[in-house]
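Below is one structure, written out as structure tokens, with a few remarks after it.
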Amino acid sequence: MDKIKHKILVLSGKGGVGKSTVSSQLALYLSHIGYKVGLLDVDLCGPSIPKMMGLESKDVHKSTKGWVPVYTDESQKLGVISIQFLLGDKDTPVIWRGPKKNSMIKQFIDDVNWGEIDFLIIDTPPGTSDEHISVTEELLKHNPDGAILVTTPQAVSISDVKKEISFCNAMKLPIIGIIENMSGYVCPHCSECTNIFSSEGGKLLAEQCNIKFLGKLPIDPNLSICSERGINYFTEYPNSSTLASLKSFVDNFNFKSSTTTTATN
Amino acid sequence: MSDQLVAPPPENCPGTQSEMSGKSAACAGCPNQQICATAPKGPDPDIIEIEERMKTVKNKILVLSGKGGVGKSTFSSQLSFALSMDEKVEVGLLDIDICGPSIPKIMGLEGENIHISGQGWDPVYVQDNLAVMSVGFLLEKEEDAVIWRGPKKNGIIKQFLKDVYWNDLDYLVIDTPPGTSDEHLSIVQYLKTSNLSGAVIVTSPQDVALIDVRKEINFCKKVGVPIIGVVENMSGFVCPKCNKESQIFIPTTGGAEKMSQDMNVPFLGRIPIDPLIARSCDEGKSYLITHPNSEATKQYNLIFNKIKEIVNNSK
């Protein structure tokens with residue numbers, strides 16, 4: 001853990017707002033611009049990361065130095081760990097109560113051999129319960145950068161994110177900022193932009209709570225297709241607004257500045 | 001029992017309810033050993049109380065989905081609104097999403113509190129025949145986080161079942177959080193002897209959601225909960241400007257209908273995306289009443305009628 005320069009937790013109170021999409025796109029983008037990245041999925045009952053990274057049928061191997069992450073390609077710039085890699089059949093439910101989930105998470109934090117990497121992005125399930133308490137407690141021992149909160153613009157989602165802010169405050173976990181996902185859908189027939197889940201909620205919330213607003217991600221069916229098929233969205237759609245948004249998120253981060261990063265371009 | 005443990009159970013824990021509890025090889029050295037060895041065995045006395053309380057509730061419907069944000073709470077609330085449109089039908093809506101309760105907001109009951117009477121906890125009423133219970137009513141402020149581990153969540157779910165005075169109900173709709181963990185195991189375990197009608201499983205069309213839903217269906221099969229059927233939510237978007245349909249969440253693997261066939265469970269129908277549904281939820285109003293002629297309302301009603309039919313025929 002201490003060989004990892006930046007540790008970022010991706011949180012949201014509500015489910016289905018795009019935590020896994022944000023986590024995986026962020027990881028892909030960071031490795032795309034030259035960093036070494038790890039992506040850890042602590043959603044034990046509904047892991048989506050392997051599917052989104054196109055790594056569905058992969059297995060984790062154990063070495064003397066611990067678990068070896070599954071790498072997206074031979075350059076080993078992006079390593080992934082998810083419980084899915086430990087399950088034989090992908091339809092098998094993980095029917096575990098809290099204590100068992102907690103010990104799994106502790107193993108994920110302590111026993112994975114990530115090597116020397118620049119970023120570890122941690123994707124979480126929705127809520128403020130066992131997984132979140134455990135991963136935060138473990139992570140706080142290793143000086144994390146903090147949490148990125150993901151929300152959609154509608155009021156129901158915002159109210160769950162407020163809970164997540166209270167969670168971060170109670171756990172003393174710094175908040176890096178808020179990302180508003182699914183901010184409007186552009187009709188492919190007439191290019192009219194509709195705010196399916198209303199708009200601006202995330203931005204207002206950030207202002208209200210005095211948290212940095214990192215930006216908006218529009219609804220982009222191409223992105224979910226790429227997620228589904230595990231294709232690199234950036235090389236496929238180099239001019240997309242999603243890519244522009246990700247770039248501005250990364251530019252907006254206030255990384256713990258004491259460390260120098262090893263970006264090559 | 002499990003709420004008395006002082007440390008997480010070891011890997012090969014025989015289970016706190018088991019006959020071997022406190023005695024198996026894995027128990028040696030476990031800090032809980034003494035607690036487990038001396039705790040009373042046999043059926044949980046609370047389950048008997050729950051059974052008694054649930055005798056006045058005819059049909060109990062669980063709303064489940066593996067993935068979050070696919071519309072469980074929206075579906076549960078619209079189902080409850082729809083059932084209660086018949087004045088003679090008594091409906092209860094129980095929200096067991098402890099960490100992210102959305103039901104109070106969607107039902108227009110934000111800021112309400114529960115009251116305790118001689119008969120137990122009184123639910124909050126939307127109208128005479130529609131009662132609601134949620135952990136949201138127990139919080140002082142909307143933004144308060146419920147930072148609870150499993151055993152505490154199980155405790156409140158048990159209390160909801162044991163202590164809430166629903167009176168006579170025709171339907172109790174139970175909204176759940178995503179996943180297959182504490183909340184789900186507990187509700188099924190606590191209602192085991194109370195005749196759970198079954199589960200409606202909600203999903204969105206894309207494969208990332210269906211992966212989790214397959215797990216949820218296998219969960220139901222494993223723990224013995226009958227599956228009423230699968231609903232595909234957020235299925236297609238009709239542009240308000242040009243009226244043409246497009247798919248936001250694309251069913252790359254055939255969507256929920258094909259998955260239902262593959263897994264041999266009934267498919268109940270699809271509900272299109274309508275920005276007005278999200279708005280109705282934000283405003284706490286019944287979408288079915290405010291938009292009676294929309295396509296989504298038509299689909300909702302078709303699905304609700306199937307559910308009523310299946311539940312009432314299963315007796």
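All chains are named by letter (A, B, ...) in the order of the sequence lines, taking the proteins before the strands, and each is independently numbered beginning at 1. In this text, all values refer to a predicted model and were calculated from it rather than measured experimentally.
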B/E143/A/K163 ion pair, N-O < 4.0 Å: no
query: Using non-hydrogen atoms only, which part of A/D160 is less than 4.5 Å away from chain B: side chain, backbone, both, or neither?
result: side chain
- prompt: Can you name the salt bridge (Lys or Arg N to Asp or Glu O under 4.0 Å) partners of B/E295, sequence neighbours left out?
  reply: B/K298
task: Can you tell which part of A/E56 gets under 4.5 Å to a heavy atom of chain B, answering side chain, backbone, both or neither?
output: side chain
field: Interface moiety of A/Q84 toward chain B, non-hydrogen atoms closer than 4.5 Å
entry: side chain
message: Please identify, among B/I211, B/T180, B/V213, B/L185, the residue contributing the most non-hydrogen atom pairs under 4.5 Å to chain A.
response: B/T180
- prompt: Does a donor on one side chain sit under 3.5 Å from an acceptor on the other, for A/K101 and B/S181?
  reply: yes
- request: Nearest 0.5 Å please: distance from the NZ atom of A/K90 over to the CZ atom of B/R214.
  value: 5.0 Å
query: Run the side chain to side chain contact (heavy atoms under 4.5 Å, CB included) check on A/T92 and B/N218 step by step: do they pass?
result: CA-CA 7 Å; A/T92 312; B/N218 284 330; over 6 Å; no
- prompt: In terms of heavy-atom pairs under 4.5 Å, which option from B/I277, B/V146, B/V223 contacts chain A the most?
  reply: B/V146
- line: B/Y190 meets the ring pair (Phe, Tyr, Trp, His ring centres under 6.0 Å) criterion, sequence neighbours left out, with none
- prompt: If you draw a 6.0 Å radius around CG in A/D89, do more than 12 non-hydrogen atoms from other residues or ligands fall strictly inside?
  reply: yes
- line: From the list A/G18, A/A170, A/G127, A/S159, the residue making the most non-hydrogen contacts under 4.5 Å with chain B is A/S159
query: Which pairs, with at least one residue in residues 11-20 of chain A and sequence neighbours excluded, count as a salt bridge (Lys or Arg N to Asp or Glu O under 4.0 Å)?
result: none
message: Between A/I158, A/V161, A/I95, A/N169, who has the most heavy-atom pairs with chain B when the cutoff is under 4.5 Å?
response: A/I95
- prompt: OG/A/S134 to CZ/B/R149 distance, rounded to the nearest 0.5 angstrom?
  reply: 3.5 Å
message: Checking an interface table here. Which of residues 39-54 of chain A come within a heavy-atom distance under 4.5 Å of chain B?
response: A/C45, A/G46, A/P47, A/S48, A/K51, A/M52
- request: Under 4.5 Å heavy-atom distance to chain B, tell me which part of A/P126 shows up: side chain, backbone, both or neither.
  value: side chain
- prompt: About how many Å separate NZ of B/K215 and CG of A/L87, when rounded to the nearest 0.5 Å?
  reply: 5.0 Å
message: Out of B/I98, B/T253, B/D182, B/D212, return the one with the most heavy atom pairs under 4.5 angstrom to chain A.
response: B/D182
statement: If you tally heavy-atom pairs under 4.5 Å between each of B/A209, B/P177, B/C281, B/S186 and chain A, the highest tally belongs to B/S186
